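Report on the structure given below.
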Number of protein chains: 2
Amino acid sequence: MEVTQVTPMKDLNPLFGNEAFMGHEQVVFCNDEETGLKAIIGIHSTTLGPALGGTRMWKYNNEMEALRDVLRLSRGMTFKASISGLNLGGGKAVIIGDASKDKTDDLMRRFGKFVDTLGGNYITAEDVGINTHDMEMVKSQTDHVTGIPESMGGSGDPSPVTAYGVYMGMKASAMYKWGTDKLEGKVVAVQGIGHVGENLVKHLTEEGAKVYINDINEDRLQTVSKEFGAEIIYGDGIYDLDMDIYAPCALGATVNDVTLQRLKCAIISGAANNQLADEQIHGKAVMEKGIIYAPDFLINAGGLINVYSELHGYNRDEALRKTENIYDTTLQILKKSETEGVTTHQAALSIAQKRVADHK
Amino acid sequence: MEVTQVTPMKDLNPLFGNEAFMGHEQVVFCNDEETGLKAIIGIHSTTLGPALGGTRMWKYNNEMEALRDVLRLSRGMTFKASISGLNLGGGKAVIIGDASKDKTDDLMRRFGKFVDTLGGNYITAEDVGINTHDMEMVKSQTDHVTGIPESMGGSGDPSPVTAYGVYMGMKASAMYKWGTDKLEGKVVAVQGIGHVGENLVKHLTEEGAKVYINDINEDRLQTVSKEFGAEIIYGDGIYDLDMDIYAPCALGATVNDVTLQRLKCAIISGAANNQLADEQIHGKAVMEKGIIYAPDFLINAGGLINVYSELHGYNRDEALRKTENIYDTTLQILKKSETEGVTTHQAALSIAQKRVADHK
């Protein structure tokens, strides 16, 4: 959501000419005067299947900010679905507005109607600023919704599946680095212990890893520490910890110029989105430091795999089984990265892109 | 398609913030790298029914030109359908490119696929730069096409229906002005004798009007003159003619500052789109000169009424019967204009807008 300089040429070609546009199939601007709804739906690709991606509500300063955000995110969904071997395309929606003030049931229902006009070409789900009640409103207008609660006939909380995928990516990274995927005795720092982080801590402690937890919520720290016997580490002391594995599961961009001076881990493998502040620069930097970086959009795809299963008659065991594939894919990518001398992010991206291209 | 100054605020809000946006429901940007297709579909309103409007292919200099064009045209379609009493909304599509160089069958087919993803929310038809063969390509991918040739199961050439509507609007204007709708002996100048103009000349000469014809095509002038006994008037001499009715059936914006100094008619009533160079300024100017102006978007709606009929099992008699209503609507608008002291264009627009608002 950064503000970039706009040149006159871009002004006259704000969409097709937008650098974030990058091969999108369709971008749909939706407007409803009665409810005040202003939304943008980005459909990057439907080559592998319907474009799936969550709806975010955010108080963007202007349309161009909203547009860049939705384009960037929908493109990311294409590659996430592709690398996960799902028959899904990439899409995303943003609603321009303050979720705490501008959101009404009517607005969400109207949004659902717009989603419905796309006839299943775009399938939506929850994202930042949107809650379960909102999705109920959307669902009242369209069937093209996923990631809904069990009470509404959906698959419920996807966090355990996401955490399991991250755990698989971490074990594969361990195998690549140390020749064994056993995490017993390894020091792992989990940053952010929301639902996903907590489930990851559970897997790690069960296997006998030495787990540190870090969060801004003191209550959560105490609860999780007590339940799993994890050690608390406060503030940004986590970056100086003598650890084997760093697992960012909260904020993005924690792998940056500053933290890379301090991080002493052998592996970075977590659930957070966009862990690398700059994919190119910091992707290269971790490689040069000999750190194994398991690409975030690959290993945190459990949630997407879960909602994909929901579309085809939900079965949690099957979702977990599919999520297990993250282990093999991570190994494949780490090998490709080393063989070709490219970052792991780039290796994952090119495999994802190739799968889409081959399908055309 | 004029270029307007863009200010920084507009740059950052090119769509929802665009002055041409004016209450659009949906604007869909479609892109296909393989065929080079770049299209914008504007859906102004679906309140009264699916948004119907033609597809235009044009070599716009930039996206903002294309966007302004499609937004302006799709909004116009809403009011045209509404004032005509049709259960249709307003839409329009533009394809960015040179119809003589960039158009391929694959490109048109891909466009048809995009139209299909909108699930009937938008129905397309021919417009500038698009021909019957192109529509065949579109039709191969979607059912949401209308205005197709008889050979393809459609309603064929709509020109006779359009001409009949203009004739009805002209007769109603005569009734309002002179207390009789008989055009026998009246001097009518028809500017532009394409299919619509020619059919109008036919009605007028059959009724015994004294018809002048004007066109840039000498062959057409000779043919139509011979067939219907119409008198040829060359060049812009038409604006100085001592006539009762001026019927612009070719270019738009022929009612402007220059021609209004010269026009001596009592009625302006023709088939051309956007006859008033500026709806406000020249709408008022004709009113002040005591000229009856039958709003173009109302009286040239026969073509739209015709394709509307096509959607519901085509019957030309029924299409003509519905087109006959243009007579009553024109009278209603001329009265409203006089009673409320507003231009006829404004009177028609407010009736059209009210019908949409009442339907919400």
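Note that the structure is a prediction, hence the values are computed from the model and not measured. A note on names: the letters A, B, ... follow the listed sequences, proteins ahead of strands, and every chain is numbered from 1.
- A39(B) touches chain A through its backbone: at least one of N, CA, C or O sits under 4.5 Å from a heavy atom, while the side chain does not.
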>> side chain to side chain contact (heavy atoms under 4.5 Å, CB included) for L118(B) and Q26(A)? Distances and angles first, verdict last.
In response: CA-CA 11 Å; L118(B) 300 175; Q26(A) 233 172 332; 4.2 Å; yes
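- Of the two parts of L67(B), neither the backbone nor the side chain holds a non-hydrogen atom closer than 4.5 Å to a non-hydrogen atom of chain A.
- Looking at N62(B), its side chain never comes within 3.5 Å of a backbone N or O of N13(A) through a donor-acceptor pair.
- In this structure, E340(B) places its CD atom where more than 12 heavy-atom neighbours from other residues, nucleotides or ligands lie under 6.0 Å away.
- Contacts of N121(B) with chain A are made by side-chain atoms alone, with heavy-atom separations under 4.5 Å and no backbone atom involved.
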>> Let's go through V27(B) and V28(A) carefully: what are the C-alpha distance in whole Å and the side-chain angles of both, what is the deciding distance for side chain to side chain contact (heavy atoms under 4.5 Å, CB included) to 0.1 Å, and is it a yes or a no?
In response: CA-CA 6 Å; V27(B) 181; V28(A) 185; over 6 Å; no
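- Between chain B and the residues E34(A), E33(A), H24(A), K38(A), the largest count of heavy-atom pairs under 4.5 Å involves K38(A).
- Around atom CG of D143(B), no more than 12 heavy atoms belonging to other residues, nucleotides or ligands sit under 6.0 Å away.
- Contact annotation for L37(A): neither backbone nor side-chain heavy atoms come within less than 4.5 Å of a heavy atom of chain B.
- Counting non-hydrogen atoms of other residues, nucleotides and ligands closer than 6.0 Å to NZ of K336(A) gives a total above 12.
- Proximity to chain A (any heavy atom under 4.5 Å) is shown, for Y122(B), by neither the backbone nor the side chain.
- E63(A) is not listed as a side-chain neighbour of N18(B), based on a closest heavy-atom distance of 4.5 Å or more.
- For M22(B), the CE atom is loosely surrounded, since the number of other residues' heavy atoms within 6.0 Å does not exceed 12.
- The contact between I40(B) and chain A is made entirely by side chain atoms (from C-beta outward), counting heavy-atom distances below 4.5 Å.
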